[in-house]
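Per chain, numbering begins at 1; letters A, B, ... match sequence-line order. This structure is a prediction, so every number in the text was calculated from the model and none was measured.
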Amino acid sequence: MSDLENELRRHFGYRSFRPYQKEVVESVLAESDTIAFLPTGMGKSLCYQLPAKLMTGLTIVVSPLVSLMEDQVIQLRSKGEKNAAHLSSLLSNEERRFVLKHLNRWSLLFVSPEMLSQQWLVKKLAARKVSLFVVDEAHCISQWGHEFRTDYLRLADVRKSLGQPVCLALTATATQEVEEDIVSKMHMVRPERFRAPVNRGNIFLQVHTCENEYEKQREFVKYLQGFAQPAICYAGTRQDAEDYAHLAAKTGGLRTAYYHGGVSKEDRIMIQQQFLNDELDMICATNAFGMGIDKSDIRTIIHLYLPQSVEQYLQETGRAGRDGGQSAAKMIVAGDDVRLSLRMLQRDLPDSRIIASIFPGGLYHRPFWNETAELAGLEDIYHRMLHFYLEQAGALKEGKWDYTVQTEEIKERLLERFRRRRFEKERQYKKMQEFLNKDTCIRALIRDYFNEEPESQLSLCCNVCHPNSQVDAKMNAGSFQTDSAPVNGSGSWRNMLQTILRQSEET
DNA sequence: CGGCATCACTATAGAGTGATGCCGGTGCACTATT
């Protein structure tokens with residue numbers, strides 16, 4: 001047994017590594033920047049938890065969701081780990097001060113990219129030796145960083161300020177392009193790369209196109225007859241998530257709930273836990289649901305909208321069948337859905353009219369950025385995105401326009417950047433639209449997209465190869481063993497709920 | 001893009017018509033001088 005395996009046993013009680021874990025840990029310990037693509041449920045977190053134990057300095061883990069951070073810390077603490085903490089708005093001021101005051105105590109610290117964008121915090125952290133800088137769910141850099149959460153694009157600077165510690169990027173799914181995006185945005189140097197295949201042979205893929213919404217509902221109801229549970233049903237809008245949850249409850253007699261960004265935090269936690277505890281047959285949700293969901297026996301993923309990219313489709317369908325059991329991904333879309341997704345991804349970026357109006361010479365331009373943004377009626381996301389890019393380009397300094405720089409040139413560059421980005425998003429979306437062609441094997445499309453080798457013949461590939469098949473409830477009954485990996489103890493959600501209740505009492 | 005809510009207008013007193021405008025997923029953080 002090697003040293004590393006001894007350490008694994010000593011610290012975590014496992015006898016052996018899962019695929020890729022050892023290689024990733026070794027790479028990190030050898031101080032190489034590392035990027036790893038591991039399906040969720042393959043023990044990604046061990047890839048930094050073990051190095052955190054073995055390295056002398058602090059390990060910082062950048063995580064996209066505060067609830068994930070909190071959950072992780074609670075889990076670690078429940079296993080007796082005292083050196084993990086997180087820093088987020090979920091903490092009270094007092095708790096935050098405590099975490100900062102005792103920085104030397106932690107070996108693992110979870111933070112959001114937004115937190116790390118605060119200079120004072122980085123300064124504080126820099127006072128300690130940071131050995132490892134982890135970006136969990138690293139596809140967020142590429143998927144969200146450009147528009148929605150630009151603080152992801154500051155992480156390379158943060159890392160630099162912390163003395164350029166080794167960087168480890170972890171994600172489940174990424175194309176070559178996203179991979180390169182992560183490498184470049186994080187300023188990784190000749191990173192080691194580890195990639196588990198994205199293809200999941202146990203998921204039967206189906207796409208059904210409809211003429212209209214009415215037909216879509218009919219197909220949905222029809223599909224509910226005898227489909228395998230539990231299921232996640234992804235809808236394109238919050239309204240749809242609610243409506244289809246009711247429809248499934250009414251016509252299929254299912255225990256359903258809906259989940260989206262407009263649902264209160266308490267309800268979201270409760271719904272998620274009911275789902276994990278098999279008290280729900282189906283969750284109808286927007287894409288708000290899914291990240292960090294550790295449930296291995298999800299049998300069916302239904303899509304009622306067209307995802308914006310093949311990666312997104314794979315992220316979502318990949319939540320099914322992690323236990324290896326036969327599962328299904330069924331997409332039911334109508335023409336309107338195709339237009340809706342397109343419109344949404346186009347709206348992620350401000351159009352040239354808006355850009356022109358805020359620059360010097362534009363109708364809404366004012367010396368102060370905030371005033372400019374308010375006058376132009378910029379919504380929050382545009383406000384912060386443009387602020388980021390303008391500051392980066394040197395057009396804004398401390399919230400004020402700098403007229404000594406060539407703003408006209410900056411404007412042109414910005415417009416060009418957005419044009420290219422929009423083109424890229426539309427290109428990704430077009431790839432997704434190819435799934436609607438009724439004569440191409442869906443798995444072959446995915447395989448080509450990710451440059452993977454064909455696998456051996458599957459008995460249930462997709463509805464092009466195997467029309468008229470359906471994965472039903474009977475198929476899995478007792479036919480396989482569930483994953484023996486440790487899953488969330490039921491104690492953890494009670495803890496989380498308590499934490500939240502405590503907070504609402506405090507405020 | 002397309003579905004909707006709102007509003008002005010019409011023709012006659014409550015409701016119908018058409019024009020216009022807006023919205024549609026995702027989340028973090030909103031504190032500091034000791």
Using atom names, set out every protein N or O paired with an N or O of nucleotides 27-30 of chain B below 3.5 Å, distance rounded to 0.1 Å.
residue: B/dG27; atom: OP1; partner: A/R268; partner atom: NH2; Å: 3.3
residue: B/dG27; atom: N1; partner: A/R384; partner atom: NH2; Å: 2.6
residue: B/dG27; atom: N2; partner: A/R384; partner atom: NH1; Å: 3.1
residue: B/dG27; atom: N2; partner: A/R384; partner atom: NH2; Å: 2.8
residue: B/dC28; atom: OP1; partner: A/V66; partner atom: N; Å: 2.5
residue: B/dC28; atom: O3'; partner: A/S112; partner atom: OG; Å: 3.0
residue: B/dA29; atom: OP1; partner: A/S112; partner atom: OG; Å: 3.0
residue: B/dA29; atom: OP2; partner: A/S89; partner atom: N; Å: 3.1
residue: B/dA29; atom: OP2; partner: A/S89; partner atom: OG; Å: 2.6
residue: B/dC30; atom: OP1; partner: A/R96; partner atom: NH1; Å: 2.9
residue: B/dC30; atom: OP2; partner: A/R96; partner atom: NH1; Å: 3.4

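Residues that satisfy the ring pair (Phe, Tyr, Trp, His ring centres under 6.0 Å) test with A/F435, not counting sequence neighbours, are A/Y313. A/T372 meets the side chain to side chain contact (heavy atoms under 4.5 Å, CB included) test with A/I358, A/R366, A/W369, A/W401; sequence neighbours excluded. With sequence neighbours excluded, the residues forming a side chain to side chain contact (heavy atoms under 4.5 Å, CB included) with A/R421 are A/H146, A/E147, A/L349, A/K425, listed by chain and number. Every residue two or more places apart in sequence or in another chain that forms a side chain to side chain contact (heavy atoms under 4.5 Å, CB included) with A/L414 is listed here: A/I355, A/F359, A/L386, A/Y389, A/L390, A/F418. For A/L100, the side chain to side chain contact (heavy atoms under 4.5 Å, CB included) criterion is met by A/L87, A/W120, A/L121, A/K124, not counting sequence neighbours.
Within the 4.0 Å cut-off from OP1 or OP2 of B/dG2, at least one side-chain nitrogen or oxygen of A/R339 is found.
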- Message: Let's test your reading of the pairing rules: Watson-Crick or G-U wobble, both distances under 3.5 Å, then write DNA chain B as a dot-bracket string with ( ), [ ], | and dots.
- Response: ((((((((((....))))))))))..........
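Sorted by first and then second residue, the salt bridge (charged side-chain N to carboxylate O under 4.0 Å, His left out) pairs with a member in residues 113-122 of chain A read A/E114-A/R149; sequence neighbours excluded. Each side chain to side chain donor-acceptor pair (under 3.5 Å) pair with one or both residues in residues 228-239 of chain A, not counting sequence neighbours, appears once here: A/Y234-A/R319, A/Q239-A/D243. Counting only residues at least two apart or on different chains, the salt bridge (charged side-chain N to carboxylate O under 4.0 Å, His left out) pairs with a member in residues 379-388 of chain A are A/D380-A/R384.
Summarising the geometry, the separation between CG on A/L306 and C1' on B/dC1 is reported as 15 Å, rounded to the nearest angstrom. Spacing between atom CD of A/E426 and atom C1' of B/dC1 amounts to 14 Å, rounded to whole angstrom units.
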Side-chain donor-acceptor distances from residues 281-288 of chain A under 3.5 Å, at least two apart:
residue: A/D281; atom: OD1; partner: A/R255; partner atom: NE; Å: 3.4
residue: A/D281; atom: OD1; partner: A/R255; partner atom: NH2; Å: 2.9
residue: A/D281; atom: OD2; partner: A/R255; partner atom: N; Å: 2.7
residue: A/D281; atom: OD2; partner: A/R255; partner atom: NE; Å: 3.3
residue: A/T286; atom: OG1; partner: A/A288; partner atom: N; Å: 3.3

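A heavy atom closer than 4.0 Å to some atom of DNA chain B occurs in no member of residues 241-250 of chain A.
Under the 3.5 Å distance criterion, with hydrogens and angles disregarded, no donor-acceptor pair is assigned to the side chains of A/S67 and A/E70.
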